[in-house]
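Note that the coordinates shown come from a computational prediction; the quantities given were computed from them, not determined experimentally. Below, chain A is the first sequence line, B the second, and so on; all start at residue 1.
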Amino acid sequence: MLDIEDLTIWLPREVVELYQKEGIRELYPPQAEAVERGLLEGKNLLVSVPTAAGKTMLAELAMLKAALSGGRSLYIVPLRALASEKQAAFSRFADLGVKVGLSSGDMERKDEYLGRNQIIVATSEKADSLIRNGARWIRDLSVLVVDEIHLLDSTNRGPTLEMTITKLMRINPKMQVLGLSATVANAREVASWLSADLVESRWRPVELKEGVICDGILNFPGETVSIPSSRDDLVDLVKDTIGQGGQILIFESSRRNAEATAAKLARVVSKRKAGASQDQVQGEDGSRLFEKVLATGESETGKKLAECVRGGVAFHHAGLLSEQRAIVEKGFRSGEIKVIASTPTLAAGLNLPARRVLIRSYKRYEGARGMVAIPVMEYRQMAGRAGRPGLDPRGESFLMAKSEPEMKDLMDHYVHGEPEEIFSKLSMEPALRTHLLSTMATGFANDADELKKFVDSTFYAHQQDAWHLDATIEKVLEFLIDSRMIEDDLKPTPLGELVSRLYIDPLSARIVVDNLRSRETAKTTDLTLLHLITMTPDMDTLYIQASDGWVEEFIDQHYGEFCNEDNYDWMMREAKTAALLQDWIAESEEERIADRFRVGPGDIRRVAETAEWLMHSAGRLSEHLELGATYRIYQLEKRIHYGAGPDLLSLLDLKGVGRVRARKLHRAGYTSLDKLREAKAADIAEVVGPKIAEKVMAQLKERA
DNA sequence: CTTGCCCACATGTAGACAGCATGTC
DNA sequence: CTACATGTGGGCAAG
């Protein structure tokens, strides 16, 4: 037991008082262990404990210690949403004179300006990008916190995290490193890579009972409990939970299942409500949320969600708009929503605990491999959402089994099972393409020897045999040389430096450059350029479904406009994605796009966001190599940003004018800035309202 | 003739980071 | 390439 008061040995009194004011009297056991192991004496630590065991506070203590003695800390998280959540939380240190900055792709300030903060929160990619772009303050860090460091195991994003940590440790040799991890089998291995002490514990602030539900029986280790049964375990468990005044989080393996489950439960839950008299207020809550959801747009998804929240139930997946997700999350926190059926979005993301968690399917579709049982680590991630500290006496989580033998299997494998080891994915070719280039471009290595030394300091080299890595490195370097991004002696070319800073896959750059070079300008249309960026590995193309027969026709019709693509399956996906973007910049309504392409509104935004980034990068490449398409590409970039037709481009330069107002002005005859200049303020006000009109007039005057 | 049920068969499958430069309705 | 849950439409019997 360590009293919070004891922290005054290492920290100023005002820090301790801040926590005391928040009601904290003593440290949790794993926290105390971390402090004893030298958290506040600059020791590197890897803390591997369950969710909600107080990892964040440990990071806070270390960062405050540094901040109050003039040091700077970087806190790395895997998600943008998490970055804003942490930034908001750390902002309470303003009273101590500690400033907090946020840096992620969607919320950006000037990089150098960020250095004025003592704590900076960033996504791993952004942190990497800050290094690539040469932000100076990043060479002067006292503390590095890496949240969810077990993501080193992720194929997509693990290598970025790994390289970022490696680079930061190299340029800040004295920096304290604090890794925060879920429980994994080989935490010691990760710790040793970081030269860190390991703090490992299974302690939780709220008891968690894990079990398996089967035929109306809740099976816990050494104990079974039966609940009122109507032969539908899902409905029974939900009714039971709500009957106790609790909330439940249900994890599904597909969006469709999440939506179907939510719809089904909404019917059940609202029927219960209708029976109870004091629930008048609840009903009003429901209709308030109903309106709020509908206000975000009346897409199919939106309407379905609105219908569900009316009954106090919601679904949650990446097809939702971020506004819609926010409504669901907030509604659940406030208790207006009792049940969320979610895809894994919620498992990895925000802190949204519930009394009970139901994992309805522990299998997940993995393309060629069919349905695969999820790793224990992911199970823990989901189960760990059960139990709200201070609110629930305990949390309960359940897997769902259809038979006795399956129930026993699940007990063995998940409830009693140990999480897996994590493995570096750095030897994957796409990862190396990106990161070898940036290593050379940022001067972390200047020749083959230095590169070898650098690679030797990665987690991969620490953990695994290097022969596979060496072979891939060879291949990748050849590609980079052939693409003129590095010279024969591995020195970066200006093109290579540009690609590294743009943060795109070198292969994406290669595809863009090759196609722009070989293509005759006369045959280049908007569709050509849209297709071009969908061909790059940085674009996640849409799937082809049975109802997508039109795509083949679309390809035939516009044959000459497409870039060369040998693989017809890819071609279909690329063409479909390009078609979506074409609709988007033709000002087609979101609802219509969602319908035509069978995607959620959130997917549309994501495709557009990625496309905008890639179009910008294509523009920079065209500009740098003088490929002749620069102007057109930048215009397209702008159109993708706003989702607007070509005739609006000049109007969009005006602040306060987006796609909607620009179209209104255009329809009213104000088709250009000159036309607007000739008009009277009152007439413009007629179209866009007096306030905006005034703003517009002021800008016109300034420009003239 | 309608309704309800079972079966065979078709269908579709999680998530989300980055550049740049500041403000949509 | 490996599975699975869900939705759909036809066939059939009961009402």
Seminar exercise, completed: If pairing means Watson-Crick or G-U wobble with both distances under 3.5 Å, then the partner of C:dC1 is none
Exercise. Counting side-chain heavy atoms from CB outward, which of B:dG23, B:dT24, B:dC20 is closest to A:Arg620?
Worked result: B:dC20
For this session: Starting from C1' on B:dG23, measure out to CD on A:Gln699 and report it in whole angstrom.
Result: 10 Å
Exercise. For the residue pair A:Trp550 and A:Phe597, does the interplanar ring angle fall in the parallel (under 30°), tilted (30 to 60°) or perpendicular (over 60°) class?
Worked result: perpendicular
For this session: Would you please say whether a donor-acceptor pair under 3.5 Å links the side chains of A:Thr296 and A:Glu323?
Result: no
Problem set entry | Non-hydrogen side-chain atoms of A:Trp584 and A:Glu590 separated by less than 4.5 Å | yes
For this session: Determine which nucleotide pairs with B:dG4, using a 3.5 Å limit on both distances of a Watson-Crick or G-U wobble pair.
Result: C:dC12
Exercise. Are A:Asp505 and A:Arg510 close enough for a salt bridge, meaning some N to O gap below 4.0 Å?
Worked result: no
Exercise. Base, sugar-phosphate alone, or nothing: which one does A:Ile374 contact when heavy atoms must sit under 4.0 Å apart?
Worked result: nothing
Seminar exercise, completed: Partner of A:Glu587 under salt bridge (Lys or Arg N to Asp or Glu O under 4.0 Å), picked from A:Arg659, A:Lys664, A:Arg667, A:Arg663, is A:Arg663
Problem set entry | A:Glu637 CD to B:dT22 P, straight-line distance once rounded to whole Å | 13 Å
Exercise. Where each residue is assigned the nucleotide of DNA chain C containing its nearest heavy atom, which of A:Arg369 and A:Asn257 is assigned the position nearer the 5′ end?
Worked result: A:Arg369
Exercise. Taking CZ from A:Arg663 and P from B:dT24, how many angstroms apart are they, rounded to a whole number?
Worked result: 16 Å
For this session: Would you classify A:Val657 as touching base, sugar-phosphate or nothing, given that sugar-phosphate means primed atoms plus P, OP1 and OP2, and contacts are heavy atoms under 4.0 Å?
Result: sugar-phosphate
Exercise. Are more than 12 heavy atoms from other residues, nucleotides or ligands located less than 6.0 Å from atom CD of A:Gln545?
Worked result: yes
For this session: Tell whether A:Thr610 reaches the base of B:dA18 with its side chain through a donor-acceptor pair below 3.5 angstrom.
Result: yes
Seminar exercise, completed: Using Watson-Crick geometry (N1-N3 plus N6-O4 or O6-N4) or G-U wobble (N1-O2, O6-N3), each under 3.5 Å, B:dC9 is paired with C:dG7
For this session: Determine whether the side chains of A:Thr630 and A:Ser622 contain a donor N or O and an acceptor N or O closer than 3.5 Å.
Result: yes
Exercise. For A:Ala81 and A:Arg659, take the nucleotide of DNA chain B holding the closest heavy atom to each; which residue's nucleotide lies nearer the 5' end?
Worked result: A:Ala81
Seminar exercise, completed: Rounded to whole Å, the OH-P distance (A:Tyr634 to B:dG19) equals 15 Å
Exercise. Of the nucleotides B:dC17, B:dT24, B:dC20, which one has an atom closest to the side chain of A:Tyr642?
Worked result: B:dT24
Problem set entry | A:Leu102 CG - B:dA18 P separation (whole Å) | 10 Å
Problem set entry | Below 4.0 Å: OP1/OP2 of C:dC4 and any side-chain N or O of A:Lys363 | yes
Exercise. At under 4.0 Å between heavy atoms, what does A:Arg605 touch on the DNA or RNA strands: base, sugar-phosphate, or nothing?
Worked result: nothing
Seminar exercise, completed: From CD1 of A:Ile131 across to P of B:dG19 the rounded distance in Å is 13 Å
Exercise. For B:dC17, does OP1 or OP2 lie under 4.0 Å from any side-chain N or O of A:Ser104?
Worked result: no
Exercise. Can a donor-acceptor pair be found between the side chains of A:Glu259 and A:His317 at a distance below 3.5 Å?
Worked result: yes
For this session: Rounded to the nearest angstrom, tell me the gap between atom CG in A:Leu654 and atom P in B:dC25.
Result: 11 Å
Exercise. Under a 3.5 Å cut-off for both distances, is B:dC20 Watson-Crick or wobble paired, and to whom?
Worked result: none
Exercise. Any side-chain N or O of A:Lys402 under 4.0 Å from OP1/OP2 of C:dA5?
Worked result: yes
Problem set entry | Atom-pair distance (CD on A:Glu587; C1' on B:dT24), nearest Å | 13 Å
For this session: Ignoring hydrogens and angles, state whether a donor on the side chain of A:Asn133 or A:Tyr503 is under 3.5 Å from an acceptor on the partner side chain.
Result: no
For this session: Please measure how far the P atom in C:dG7 lies from the corresponding atom in B:dA14, and state the result in whole Å.
Result: 15 Å
For this session: Ignoring backbone atoms, test whether A:Lys126 places a side-chain nitrogen or oxygen under 4.0 Å from the OP1 or OP2 oxygen of B:dG19.
Result: yes
Problem set entry | Protein-to-nucleotide contact annotation, 5' to 3' order, nucleotides 4-16 of chain B [B base; S sugar-phosphate only; - none; under 4.0 Å, heavy atom] | --------SBBSB
